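Everything below concerns the one structure shown next.
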Amino acid sequence: MYGSYKIMRMSHLFVPTLKEEPAEAVITSHKLMIRAALIRKLAAGLYSYLPLGLKVFKKVENIIREEMDKAGAQEFSLPILTPAELWQETQRWDVFGPELMRIRDRQDHDFALGPTHEEVFTDIVRQEISSYKQLPVNFYQIKTKFRDEIRPRFGVMRCREFTMKDAYSFDIDEKGLDRSYKAMRKAYENIFKRCGLNTVIVQADVGAMGGTQSEEFMVVSDVGEEVLVLCPSCGYAANLEKAESRDGTRPAKSEKIAKMAEVDTPDVKTIEDLTGFFKTAPGKFIKTIICLSDGNPIAVLARGDIEINETKLKNAVQSRQLELADEKTIEKVTKAPVGFAGPVGLKNIMIYADESVKGIVNGITGANKKDRHLKNVNLDRDYKVDKFIDVRKAAEGDLCAKCSKKLSFKRGIEVGHIFKLGLKYTKSMDVKFLDKDQKEKLPIMGCYGIGVDRTVAAIIEQSSDQDGIIWPITVAPFEIIIIALNVNEKKVKDISEKLYHNLSRSFQVLFEDRDLSPGFKFKDADLIGCPIKIIISEKNLQNDQVEVKTRRTRKVESVPLKDLETKIKELIDNEYKSFQV
RNA sequence: CGGGAUGUGGCGCAGCUUGGUUUAGCGCGCUUGCCUUGGGAGCAAGAGGUCGCGGGUUCGAGUCCCGCCAUCCCGACCA
């Protein structure tokens, strides 16, 4: 439990709850955050926190802070406004593109509103750290970030202005980075457990930043923006970008290799067209995609029934920028209009192929001529592949690459991301320290982020019912709500006041003291979702009792006044226990 | 940026197809009074809207046309 709480009465607190669902919200957490008066929208992707929302937000923040400190990280506060020069040093002034919010001052100096703070922290290390004796360090802050999102979405889930806890570790060597990374991984597990969140840790692609390892903390949810590939059998977990998988289809019956032949296929272009035309399963086709890798055309083959994972492809061909080729390029490379590309006779271009192509016997593919396809095409006899790569996009029905059991697919909300960054920033910003062996070296970095707003939303996604939010006690705006049923009854009013003052000494108590109908107050209380409700009515007071009801279980109990404090303490202690780390 | 939808008192919506019975309406909320107190009470009386903005058509536009803006959804995008 943290700190002493200011006295709070519903009659005083600004909690403009809504009976009706706001039209602009689609997902549960967004609807409830508005209805329970946690947030209000200012503009697309910009939200104001109201007093109740802020209380929750601060609790989450505080849990993060405590666990970060416990893990040995040190809190900073860096400016949001950051000079362009710093971003130019690492090329990110350009790389970040339009997502970076830019601003110019009256002297015409360029600045960015920080979307993340690698450069600024690295700059501090560059200036202040010169010896291995000062390392390792892990610096963090909990700060407002700005990203000009192409599409803000789902309330606080994807915003243009949001709060992120970002941490950066600097180590002497790989071993040290491993230690820092593991410490953060553990801290994250603690943080999410304490927030009452069930998370799954998935492997993620390291992306263009060239790190070595990256994992995401995901909250499984249908409204998640990422697809997770999970193996229920061995525990393998990765996001779709990263996921490896194996073919789950039965191998085709062995077939005699037949003679290659050209077929007239007027206007038959897509795999769908082709399966109809040839009356064959999509697995029979050799899909040929022409891409531009850093401006150079390459051909990528895959079996007709699988999709290509662009991230895997990008990594496999070591491309910085990869895109589908435009029509002109395709016509130039294949000498045919779009839709008739094939590997046979394709020249002056690297031909990559997914492993899935290996098993195709007597395949069908484009003839590199308008309205013509080839059938009975076979690897090595009819065409060559320069390099086999794994670009299979995992799909329903695929098997786990590790244990060959069937994979399961779920969606998830990314609440945290940990990352072994390597030397990317220390190198480009020329950060050096003198090691024990008297040699100059680059510190090796890790970075670790948590979306604070998103974490709050995810908690609600995971914990609510038809009546409203069910807060885990660790992040609840108040631990207890005392409802005085009829404040016009002197006895009810007096005893409620007394209990409120007494309990406020040990707990965070919200006092529902408004002169409203009981139903109204119950509904509001459920919406707001405080874990424990104490109901004081004239009826029960006749027996010197009050009612205690828990939000989660809806269990009600009549408790004699004299036992109340003990009972409440017991209940609350129990609640906290289930979120202990 | 492409596709779709929406914009009418604080909130949720109807009215628009077929322009004039509309003085723009309903529910919630709000104000005042009475009444009521175990699951968003009741009665009565009120306040509150240049119908997103601009232009056009018309004798007449919330309603039709054009343009713009905003919001939401899908997609693209997202170290």
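What you see is a predicted model; the values in this text were computed from it and never measured. Here is how names work: the chains are called A, B, and so on, in the same order as the sequence lines, proteins then strands, and each is numbered from 1.
- Every side-chain hydrogen bond (donor to acceptor under 3.5 Å, both in side chains) that E118(A) has, sequence neighbours left out, goes to R92(A), T116(A).
- With P as the reference atom, C26(B) and G48(B) are 15 Å apart, rounded to whole Å.
- The CD1 atom of I495(A) lies 8.0 Å from the CD1 atom of I536(A); values are rounded to the nearest 0.5 Å.
- Taking atom C1' in both U57(B) and G75(B), the straight-line distance is 37 Å, to the nearest Å.
- Distances from the side chain of E99(A) to the nucleotides C78(B), G75(B), A79(B) place C78(B) closest.
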Next item on the list: Treat primed atoms plus P, OP1 and OP2 as sugar-phosphate and everything else as base, then score nucleotides 26-41 of chain B 5' to 3': B for base contact with protein heavy atoms under 4.0 Å, S for sugar-phosphate contact only, - for none.
Entry: -BS--------BBBBS
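- When the side-chain hydrogen bond (donor to acceptor under 3.5 Å, both in side chains) test is applied to T82(A), the partners found at least two apart in sequence or on another chain are W87(A).
- Rounded to an integer number of Å, the gap from Q213(A) CD to A79(B) P is 18 Å.
- Comparing the same atom, C1', in U63(B) and in U71(B) gives a spacing of 22 Å after rounding to whole Å.
- A side chain to side chain donor-acceptor pair (under 3.5 Å) check over residues 150-161 of chain A, counting only residues at least two apart or in different chains, returns the pairs E149(A)-R158(A), R153(A)-E225(A), R158(A)-E225(A).
- Residues in residues 530-545 of chain A take part in these salt bridge (Lys or Arg N to Asp or Glu O under 4.0 Å) pairs, two or more places apart or across chains: D526(A)-K533(A).
- As rounded to the nearest Å, C73(B) and C43(B) have P atoms that lie 38 Å from one another.
- Closest contact between the side chain of V26(A) and the listed nucleotides C13(B), C72(B), C74(B) involves C72(B).
- Across all strands, T116(A) comes closer than 4.0 Å to base atoms (heavy-atom distances).
- Taking only side-chain nitrogens and oxygens, R153(A) comes nearer than 4.0 Å to OP1 or OP2 of C74(B).
- Nucleotides C28(B) and G40(B) have their C1' atoms positioned 10 Å apart, rounded to a whole Å.
- Listed by chain and number, the residues in a side-chain hydrogen bond (donor to acceptor under 3.5 Å, both in side chains) with D563(A) amount to none (sequence neighbours excluded).
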Between the protein and nucleotides 1-3 of chain B, which nitrogen or oxygen pairs are less than 3.5 angstrom apart?
none

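- Atom pair R454(A):CZ and C78(B):P shows a separation of 15 Å (rounding to whole Å applied).
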Throw together a table of side-chain donor-acceptor distances under 3.5 angstrom for residues 41-49 of chain A, partners on residues two or more places apart or in other chains.
residue	atom	partner	partner atom	Å
K41(A)	NZ	E24(A)	OE1	3.4
Y47(A)	OH	H30(A)	NE2	3.1
Y49(A)	OH	D453(A)	OD2	2.8

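- Only the P atoms considered, C59(B) is 38 Å distant from G12(B), to the nearest whole Å.
- The interatomic distance linking R40(A) (CZ) with G10(B) (P) rounds to 14 Å, in whole Å.
- Scanning for side-chain hydrogen bond (donor to acceptor under 3.5 Å, both in side chains) contacts around T28(A) gives an empty result, with sequence neighbours left out.
- Side-chain contact, Y188(A) with K165(A): a donor N or O sits under 3.5 Å from an acceptor N or O.
- Where G45(A) and E149(A) meet RNA chain B, the nucleotide closest to each residue was compared, and G45(A) sits on the side nearer the 5' end.
- Straight-line distance between the P atoms of A45(B) and G38(B): roughly 27 Å, to the nearest whole Å.
- Protein atom CZ of F419(A) is 9 Å distant from nucleotide atom P of A79(B), rounded to whole Å.
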